[in-house]
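In what follows, every chain begins at residue 1, and chains take the letters A, B, ... in the order their sequences are listed.
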Amino acid sequence: MKIYNTLTKSKQEFEPLEPGKVKMYVCGPTVYNYIHIGNARPMVVFDTVRRYLEYKGYEVTYISNFTDVDDKIIQRAIEEGTDADTISKRYIIECKKDMEGLQVRPATIHPLATEEIPGMLEMIQTLIEKGYAYAASDGTVYYRTRKFQEYGKLSHKNIDDLQAGHREIKVTGSEGKEDELDFVLWKPKKEGEPYWTSPWCDGRPGWHIECSVMAKKYLGEEIDIHAGGEDLIFPHHENEIAQSEACNGKQFAKYWMHNAFLNIDNKKMSKSAGNFFTVREISEKIDLQVIRFFILSAHYRSPLNFSAELVEASKNGLERIITAVEHLNYLLENAQNKVITEEEKEKLIQTEAFVRKYETAMEDDFNTADAIAALFELVKYSNTNTSSENTKEYLQILKKKILILCEILGIVAEKETCDLDTEIEALIAERTAAKKEKDFARADAIRSQLLEMGIILKDTREGVQWKRK
RNA sequence: GGCGCAGUAGCCAAGCGGUAAGGCAAUGGUCUGCAACACCAGUACGCACCGGUUCAAAUCCGGUCUGCGCCUCCA
């Protein structure tokens, strides 16, 4: 299995630190509002990575944090006349709801920054002791960026270029810094803000230190995969490396994975441009599973454009897969309980090619677009190689194959079979009778009536199928 | 200014040296009372443009054009 590593700018064979186990850390959202559609991309993408690793038999420890103390949260709290804790707790709950809709499985642990302050104080202290950090006169603690020789190795930046860039857009409030590149590990509180006591001042942690500490606490000093959006490469992940490696003296993460951005109508999403969408508002119009399928329809390192018609195309494509599974279920209801035939066995062997194609795609840096193509080929094969003549066993195995490939992508292709609604069944029977008597007006009336109830009918060769909208 | 990415049919999107996957949409057909589903058929003499390397290039190299990202809170 190959993974593109931002650190080396190349695809590398994946070799976990410990055989059979994978330690994975994915930077989570800052919870000051509902998550937006852009936040959904890394969640879906890395959840899929996790699912595939588990499919391959790895035991995955998946850690994803919630940043629950931050300027934006505090600002939101002030606006609403409440406290930061209320805001963050509320949006963590809402975020989890959205994740559920997107079929993103909960992480092994979702640590909260505010609950990891002791670890942060400890790491900052160690960095100060090792000479990698210093406290300014106002109590702010800075990281001594130039002291870390390898600074820039992830983002492939030259430290001197960085400084030149900084001069142009110099920010105020950095008087206590020894060097403009130094970044904050701990900052003093302002009036009314949440704070914790520390040896340097009452205050709160900088953003970067959180992830270094949480990764270390829950995964250890060395981890396999560290992931997030590409915008995090610099400075967030670069700074994490500086902190963790200076503190622990070991390579922090072996593989760094970054997803590209999701744009809206070919433009970067932003509130000012008026093209900002939360997952919540999208979920009111579209099944979030469609959004998930849409996100996976492109490779995670390519920019992805989001628009109504593109989502519509994904919806139709996904429908094709679901229809195929429904059809198999329909056939299974009346299938014969005989021994699988030689011909059927032969056909099942042929489907292995699609499974292999799927796996090959996933093994190549999680090429979900190609994997989906293989899935579609399997679906087509299923559509053309099944009938009411087939045995239960054959149909069951075929269905299972489709379902497993869907499962890795987080696609639920089979809705729980609800109890047959007697009213619906009765209407369908009535319609069938009407059709027999060539009373098509009555038949169509019943079909419209069912449609209003959210039931879609299909007259197949094998009989009438129905499904909920 | 520095660093980097991308340009493949109407749309989306794989392919990354061996002669263009897959999906959506559209068209014609099979099936069907109609519809829906499904299936079948054709659908890029060509992969932004110009050169070069090679027996062979969408794939490698050089240049041009266009779009985009990061360098600053940001998935």
Side-chain angles (χ1 to χ4, degrees), chain A residues 6 9 26-30 32 35-46 70-72 75 152 155-158 160-171 207 227-236 238 258-263 266-271 293-294 297-305 307 309-324 326-327 330 354 357 361 364 367-380 382-384 386 434-436 438-441 443-444 447-448 451 456-461 464-467:
Chain A
T6 307
K9 297 210 280 189
V26 180
C27 287
T30 300
Y32 64 100
I35 57 166
H36 60 252
I37 182 67
N39 289 306
R41 171 113 102 144
M43 287 179 180
V44 166
V45 162
F46 299 117
D70 171 272
D71 289 340
K72 280 190 234 169
Q75 197 194 323
S155 52
H156 306 282
K157 289 181 189 304
N158 181 310
D160 296 313
D161 292 340
L162 279 174
Q163 197 169 36
H166 262 252
R167 262 187 219 120
E168 314 230 343
I169 33 172
K170 195 170 179 178
V171 243
W207 176 38
E230 65 179 357
D231 56 319
L232 297 184
I233 296 171
F234 189 89
H236 186 55
E238 195 71 72
H258 295 97
N259 64 276
F261 264 55
L262 181 148
N263 299 314
N266 288 312
K267 290 194 200 93
K268 186 172 172 174
M269 176 166 63
S270 76
K271 283 187 177 157
F293 188 69
F294 164 74
S297 69
H299 187 89
Y300 75 93
R301 283 188 289 113
S302 302
L304 177 62
N305 194 35
S307 75
E309 50 189 38
L310 260 19
V311 169
E312 178 68 18
S314 283
K315 180 171 178 283
N316 294 337
L318 179 58
E319 199 62 39
R320 181 176 166 78
I321 296 167
I322 291 170
T323 302
E326 274 170 357
H327 186 64
Y330 183 79
F354 305 122
K357 180 176 172 182
D364 182 18
N367 192 334
T368 52
D370 235 4
I372 287 171
L375 213 202
F376 274 119
E377 289 178 61
L378 177 59
V379 161
K380 183 164 204 158
S382 171
N383 285 337
T384 45
T386 53
K435 273 172 62 180
K436 211 167 227 168
K438 305 254 182 235
D439 183 359
F440 297 122
D444 287 347
R447 186 165 61 190
S448 318
L451 188 61
I456 297 167
L457 295 186
K458 282 194 285 186
D459 292 333
T460 69
R461 293 162 287 287
V464 185
Q465 278 187 46
W466 64 275
K467 64 172 180 178

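Residue A:I35 is out of contact with every strand shown, counting any heavy-atom pair closer than 4.0 Å. Here A:H258 lies out of heavy-atom contact (under 4.0 Å) with every strand. At the heavy-atom level, A:K315 lies nowhere under 4.0 Å from the strands shown.
If you take atom C1' in B:A44 and the same atom in B:U32, they sit 34 Å apart, rounded to whole Å. Spacing between B:G4 and B:U64 at atom P, rounded to whole Å, works out to 16 Å. For the P atoms, the distance from B:U30 to B:G23 is 22 Å, rounded to whole Å. With both ends at atom C1', the span from B:C55 to B:C50 equals 24 Å, rounded to whole Å. Straight-line distance between the C1' atoms of B:A58 and B:U8: roughly 7 Å, to the nearest whole Å. As rounded to the nearest Å, B:C37 and B:C24 have P atoms that lie 10 Å from one another. For the C1' atoms, the distance linking B:G17 with B:G22 amounts to 23 Å, nearest Å. Only the C1' atoms considered, B:G7 is 11 Å distant from B:C49, to the nearest whole Å.
By the side-chain contact (heavy atoms from CB on, under 4.5 Å) test, A:Q75 is found to be paired with A:E79, residues two or more places apart in sequence or in another chain being considered. With sequence neighbours excluded, the residues forming a side chain to side chain donor-acceptor pair (under 3.5 Å) with A:H258 are A:T6, A:H237, listed by chain and number. Residues meeting the side-chain contact (heavy atoms from CB on, under 4.5 Å) test with A:S382, sequence neighbours left out: A:L328, A:T386, A:L398, A:I402.
Closest-nucleotide positions on RNA chain B for A:H156 and A:D364 were compared, and the one nearer the 5' end corresponds to A:H156. Residue-to-nucleotide proximity on RNA chain B shows that, of A:S155 and A:A443, the 5′-proximal contact is made by A:S155.
A close approach under 4.0 Å does occur between a side-chain nitrogen or oxygen of A:N383 and OP1 or OP2 of B:C39. Taking 4.0 angstrom as the limit, A:S302 places a side-chain polar atom (N or O) nearer than this to OP1 or OP2 of B:A14. Residue A:N263 has no polar side-chain atom (N or O) positioned under 4.0 Å from OP1 or OP2 of B:G69.
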Report, one pair per line, the protein and nucleotides 5-9 of chain B atoms (nitrogen or oxygen only) whose separation is under 3.5 Å.
none

Original post:
In B/S/- notation, 5' to 3', how is nucleotides 17-29 of chain B contacted by protein heavy atoms closer than 4.0 Å?
Top reply: ----BSSSS----

Original post:
Reading RNA chain B 5' to 3', how would its secondary structure be written in dot-bracket notation, given Watson-Crick and G-U pairs with both distances under 3.5 Å, brackets [ ] for crossing pairs and | for partners on other strands?
Top reply: ((((((((.[[[..)..(...]]]..((((.......))))......[[[[[..)....]]]]])))))))....

